[in-house]
Enquirer: 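My questions all concern the structure below.
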Amino acid sequence: MDDIKKEADGLEVQEETEAEEAKLNIENIENSKAEYLLELETPIGESLRMKLEKIKTQKKKRNDLYKAKFVTNTDIKTLHDNFCHLMAGEKGEGDAVYNIAGRIMVFRRHGKATFAVLKDFSGQIQLYLNIKNIGDEKYYEFLDLDIGDIVGIKGSVFKTHTGELSINVQDYELLSKSIRILPEKWHGLKDKEIRYRQRYLDFIVNPEVKEAFIIRIKMIEAFRKFLTSKGFLEVETPMLQSIPGGATAKPFITHHNALNMELYLRIAPELYLKRLIIGGFEKVFEINRNFRNEGISYKHNPEFTMLEFYQAFADYNDLMVLTEELLKYVAKEASGTLKFNYRGSDIDFEGSWDKMTMIDSIKKFTGLDVNFDKDIDDLRDMANNNNLKINESFGKGKIINEFFDNFVQSKLIKPTFIKDYPVEISPLARKSPKNPNLTERFELFIGGEEIANAFSELIDPKDQFERFKFQVKSKDEEERMTGKIDVDFLKALEYGMPPTGGEGIGIDRLAMIITNCASIRDVILFPLMRHEKDI
RNA sequence: GGGCCGUUAGCUCAGUUGGCAGAGCACUGGACUUUUAAUCCAGGUGUCGAAGGUCCGAAUCCUUCACGGCUCACCA
């Protein structure tokens with residue numbers, strides 16, 4: 001009880017009023033005589049009302065509008081593949097009967113013959129019904145069906161005079177009745193809000209949307225195949241963590257009732273994957289969700305998919321080689337090509353990818369020679385002269401990074417590794433043996449977006465302890481909030497961790513590039529949306 | 001969080017200077033036995049995102065709010 005009370009206290013006022021509204025809706029539902037939710041949506045339009053009345057009459061005639069199953073023996077794409085060679089007017093293989101099932105998308109009624117379009121996951125095909133072939137009763141019953149209904153079809157294959165492959169329907173069965181009206185066949189569904197909230201409608205009406213998701217699915221398959229073939233083991237580490245580590249983002253907070261403890265949705269799997277390296281796993285990877293309680297944008301969703309992998313006895317140079325091979329493989333496997341167009345820019349994965357240090361990249365794109373040999377006041381002046389907003393507390397590293405962020409990153413269209421990041425902005429990376437201001441860290445940029453982030457990992461427990469302490473003492477409130485020291489991880493480090501290269505790859509952002517989608521929401525099946533008002 | 005744009009029929013969209021709420025598809029009835037955005041005839045679409053204000057009169061002007069999109073900031 002106390003827990004519930006405590007949680008309720010934490011709720012914001014806004015959420016309470018939303019809860020009240022929801023309650024009212026439930027009362028509406030409980031007290032209504034509506035048979036379908038649709039009828040509670042006010043006002044119900046004329047078209048829908050007429051369709052509903054028709055369905056209620058049909059229900060009296062047919063005892064079951066929702067069947068248990070239908071046995072198919074092929075799918076629509078296979079029929080197209082097998083019978084594309086038919087000549088116009090020609091029949092396929094005598095009287096062979098095929099069973100297919102799908103959703104009716106279009107009717108073209110012509111008196112005693114009717115055409116319709118049936119859609120399954122693999123594609124669309126035209127149906128042809130002739131009253132002579134199928135009989136009066138079945139024929140007129142078919143005319144009572146609606147666009148959106150799901151049917152099972154038995155029929156033979158032929159091509160019409162105009163050369164369209166069609167099914168001559170000999171029998172059919174209504175498998176599932178569609179109560180609502182689908183969006184229009186010609187213009188489709190354009191309203192992005194409805195497309196994201198009711199993704200199923202997007203898939204039904206805009207078949208091309210599916211393609212991006214299929215590429216994404218194949219990408220993830222390819223990642224697994226490649227990494228497994230290189231001897232990496234796929235593991236699963238906690239998403240509910242008592243200390244959210246491995247990054248500095250704000251976490252989502254939740255609560256375990258039986259243990260009465262605060263838990264966080266993970267912001268990164270990093271510290272657990274490193275524990276596995278310490279435990280003797282030498283090559284591990286994880287592909288799964290991270291959760292960050294931050295702003296939402298075309299490239300940020302609160303939950304997103306990350307690949308992280310760790311390889312013992314390797315450093316960041318090894319990872320650059322591996323990454324290039326990996327991403328070329330994944331891109332080719334998933335999409336069949338290495339050439340993409342992202343947000344208007346042509347991107348070619350072919351050829352050897354550029355590698356340059358952050359400092360060299362700034363020189364290349366701006367002509368400015370910013371480096372650690374310069375006096376900090378000179379760097380500040382240069383920043384001010386270039387209209388960069390520099391905080392008093394910024395050291396040389398952060399100032400140099402400002403130049404990179406503002407003048408370089410967006411220009412890195414073709415795949416480019418930027419390496420040797422300042423220590424100041426790289427708390428988890430091993431210091432460069434050549435220059436104590438730099439770390440053995442790289443990021444990969446494609447299409448101006450950060451796609452991967454990798455380091456030679458910090459394995460010195462003393463150094464790590466100091467950096468944790470620094471984080472906890474930090475004046476930055478956000479860093480402090482998430483900066484509880486993961487003592488169990490430190491303890492693990494003190495047993496000795498092998499030198500390790502570790503990397504994270506943002507799957508959603510890579511999918512955006514490979515599918516030429518301008519928004520992360522177009523590569524996430526159900527992106528987070530605000531509450532919808534009313535029902 | 002800031003700026004700009006948007007929200008009108010199930011869907012896609014018009015809506016003039018503030019003066020009866022419109023079209024196509026879909027839907028309902030009818031005709032039509034190879035159409036394919038089928039065609040033809042007839043019919044009805046509606047909390048104009050919500051609330052408030054100005055006005056004789058508001059989809060239209062003003063204010064606030066909600067939701068969405070783009071963008072900047074934050075974030076990595």
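These numbers come from the heavy atoms of this one structure, side chains and all, not from hydrogens, waters or symmetry mates. Predicted model only: the values in this text are computed from it and were never measured. Sequence lines set the chain letters: A, B, ... in the order given, protein chains first and strands last, and positions in each chain run from 1.
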Enquirer: Within the side chain of N406(A), is there an N or O that forms a donor-acceptor pair under 3.5 Å with the backbone of E402(A)?
Expert: yes
Enquirer: Using the P atom in both, what is the distance from rA31(B) to rU16(B), to the nearest Å?
Expert: 41 Å
Enquirer: Strictly by Watson-Crick or wobble contacts shorter than 3.5 Å, is anything paired with rC70(B), and which nucleotide is it?
Expert: rG3(B)
Enquirer: Verify the contact: side-chain N or O of R343(A) to OP1 or OP2 of rU71(B), cut-off strictly under 4.0 Å; return yes or no.
Expert: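 Yes, within the criterion.
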Enquirer: At under 4.0 Å, does any side-chain N or O of R180(A) touch on OP1 or OP2 of rG10(B)?
Expert: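 The answer is no; no side-chain N or O of R180(A) sits under 4.0 Å from OP1 or OP2.
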Enquirer: How close or far is atom P of rU12(B) from atom NZ of K192(A), stated in whole angstroms?
Expert: 13 Å
Enquirer: Output yes when a side-chain donor or acceptor of R199(A) lies under 3.5 Å from a complementary backbone atom of F526(A), and no otherwise.
Expert: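 Judged by distance alone, no pair lies under 3.5 Å.
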Enquirer: OP1, OP2 of rG44(B) versus side-chain N and O of R49(A): anything below 4.0 Å?
Expert: no
Enquirer: Which base, if any, makes a Watson-Crick or G-U wobble pair with rU54(B), both distances under 3.5 Å?
Expert: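 Across all strands, not a single nucleotide pairs with rU54(B).
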Enquirer: I'd like a table of atom pairs between the protein and nucleotides 38-40 of chain B - only N or O on both sides, under 3.5 Å - with the distance next to each one.
Expert:
| unit_1 | atom_1 | unit_2 | atom_2 | d |
| --- | --- | --- | --- | --- |
| rA38(B) | OP1 | K185(A) | NZ | 2.2 |
| rA38(B) | OP2 | R108(A) | NH1 | 2.9 |
| rA38(B) | N6 | R109(A) | O | 2.8 |
| rA38(B) | N1 | H110(A) | ND1 | 3.4 |

Enquirer: Take atom P in rU63(B) and the same atom in rG2(B), then report the distance between them in whole Å.
Expert: 16 Å
Enquirer: Can you tell me whether the side chain of H300(A) and the base of rC75(B) have a donor-acceptor pair closer than 3.5 Å?
Expert: yes
Enquirer: Classify K54(A) by what it touches in the nucleic acid, base, sugar-phosphate, or nothing, heavy-atom distance under 4.0 Å.
Expert: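 Sugar-phosphate only.
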Enquirer: Rounded to the nearest 0.5 Å, how far apart are CG of N288(A) and CD of E308(A)?
Expert: 11.5 Å
Enquirer: Who passes ring-ring contact (aromatic ring centres under 6.0 Å, His included) against F158(A), sequence neighbours left out?
Expert: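 Partners of F158(A) by the ring-ring contact (aromatic ring centres under 6.0 Å, His included) criterion, ordered by chain and then number, come out as Y128(A).
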Enquirer: May I have the distance from L143(A) (atom CG) to rU35(B) (atom P), rounded to whole angstrom?
Expert: 18 Å
Enquirer: Within this structure, what is the CG-to-P distance between D202(A) and rG10(B), rounded to whole angstrom?
Expert: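 Rounded to whole Å, this separation is 20 Å.
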Enquirer: Could you tell me the Watson-Crick or G-U partner of rC65(B), where both distances fall under 3.5 Å? Say none if there is no partner.
Expert: rG49(B)
Enquirer: Which word best sums up how the rings of F417(A) and W353(A) line up, parallel for under 30°, tilted for 30 to 60°, or perpendicular for over 60°?
Expert: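 Ring orientation of F417(A) relative to W353(A): tilted.
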Enquirer: Using atom C1' of each nucleotide, how far apart are rA21(B) and rU8(B) to the nearest Å?
Expert: 9 Å
Enquirer: Using a heavy-atom cut-off of under 4.0 Å over every strand shown, decide if Y128(A) touches base, sugar-phosphate, or nothing.
Expert: base
Enquirer: Rounded off to whole Å, could you give me the CD-to-P distance for the E449(A) and rC75(B) pair?
Expert: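 My rounded result for the distance is 17 Å.
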Enquirer: P atom, rC4(B) versus rA26(B): distance in rounded Å?
Expert: 41 Å
Enquirer: When you measure from the side chain of E424(A) to the backbone N and O of G397(A), does any donor-acceptor pair fall under 3.5 Å?
Expert: yes
Enquirer: Measure the distance from CG on D508(A) to P on rC75(B) and round it to the nearest whole Å.
Expert: 21 Å
Enquirer: Pick base, sugar-phosphate or nothing for L182(A), based on heavy-atom distances below 4.0 Å to the nucleic acid.
Expert: nothing
Enquirer: With nearest nucleotides of RNA chain B determined for G188(A) and R509(A) from heavy-atom distances, which residue corresponds to the more 5′ nucleotide?
Expert: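 Checking each residue's closest nucleotide, the 5'-ward one belongs to G188(A).
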Enquirer: Would you measure the distance from the P atom in rC5(B) across to the matching atom in rA9(B) and give it in whole Å?
Expert: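 Looking at atom P only, rC5(B) and rA9(B) are 22 Å apart.
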Enquirer: Should T114(A) and R109(A) be marked as a side chain to side chain donor-acceptor pair (under 3.5 Å) after you check the CA-CA gap, both sets of side-chain angles, and the distance that decides it?
Expert: CA-CA 4 Å; T114(A) 286; R109(A) 299 173 171 117; 5.5 Å; no
Enquirer: Rounded to the nearest angstrom, tell me the gap between atom CG in N387(A) and atom P in rC72(B).
Expert: 17 Å
Enquirer: Are the side chain of R216(A) and the backbone N or O of V523(A) linked by a donor-acceptor pair below 3.5 Å?
Expert: yes
Enquirer: Could you check whether H161(A) and the base of rU34(B) form a stacked pair, meaning centres closer than 5.5 Å and planes differing by less than 30°?
Expert: yes
Enquirer: Determine which nucleotide pairs with rU16(B), using a 3.5 Å limit on both distances of a Watson-Crick or G-U wobble pair.
Expert: none
Enquirer: By nearest nucleotide on RNA chain B, pick out whichever of R292(A) and T160(A) is the more 5' one.
Expert: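 That would be T160(A).
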Enquirer: Here's a test for you: under salt bridge (charged side-chain N to carboxylate O under 4.0 Å, His left out), which of R103(A), R180(A), K177(A) qualifies with D146(A)?
Expert: K177(A)
Enquirer: In Watson-Crick or G-U wobble terms, both distances under 3.5 Å, what is the partner of rG43(B)?
Expert: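 When the pairing criteria are applied, rC27(B) turns out to be the nucleotide that pairs with rG43(B).
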Enquirer: Is there, by distance only and without an angle test, a donor paired with an acceptor across the side chain of E193(A) and the base of rU7(B) below 3.5 Å?
Expert: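 Checked by distance alone, the answer is no.
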Enquirer: Rounded to the nearest angstrom, tell me the gap between atom CG in L48(A) and atom P in rC27(B).
Expert: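 Rounded to whole Å, this separation is 11 Å.
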Enquirer: To the nearest Å, how far apart are D146(A) CG and rC25(B) P?
Expert: 18 Å
Enquirer: Test for a donor-acceptor pair under 3.5 Å between the base of rG24(B) and the side chain of E184(A), counting only N and O atoms.
Expert: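 Indeed, a donor on one side and an acceptor on the other fall under 3.5 Å apart.
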Enquirer: Using the P atom on both, measure rG57(B) against rG52(B) and round to a whole Å.
Expert: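 These two P atoms come out 15 Å apart once rounded.
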Enquirer: Determine whether a donor-acceptor pair (one donor, one acceptor, N or O, separation below 3.5 Å) exists between the side chain of S519(A) and the base of rG69(B).
Expert: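 Counting by modelled atom types and ignoring angles, no donor-acceptor contact under 3.5 Å is found here.
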Enquirer: Please state whether the phosphate of rA26(B), meaning OP1 or OP2, lies under 4.0 angstrom from any side-chain nitrogen or oxygen of K51(A).
Expert: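 Looking at the OP1 and OP2 atoms of rA26(B), neither is under 4.0 Å from any side-chain N or O of K51(A).
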Enquirer: Cation over ring, K210(A) on F121(A), under 6.0 Å and within 45°?
Expert: yes
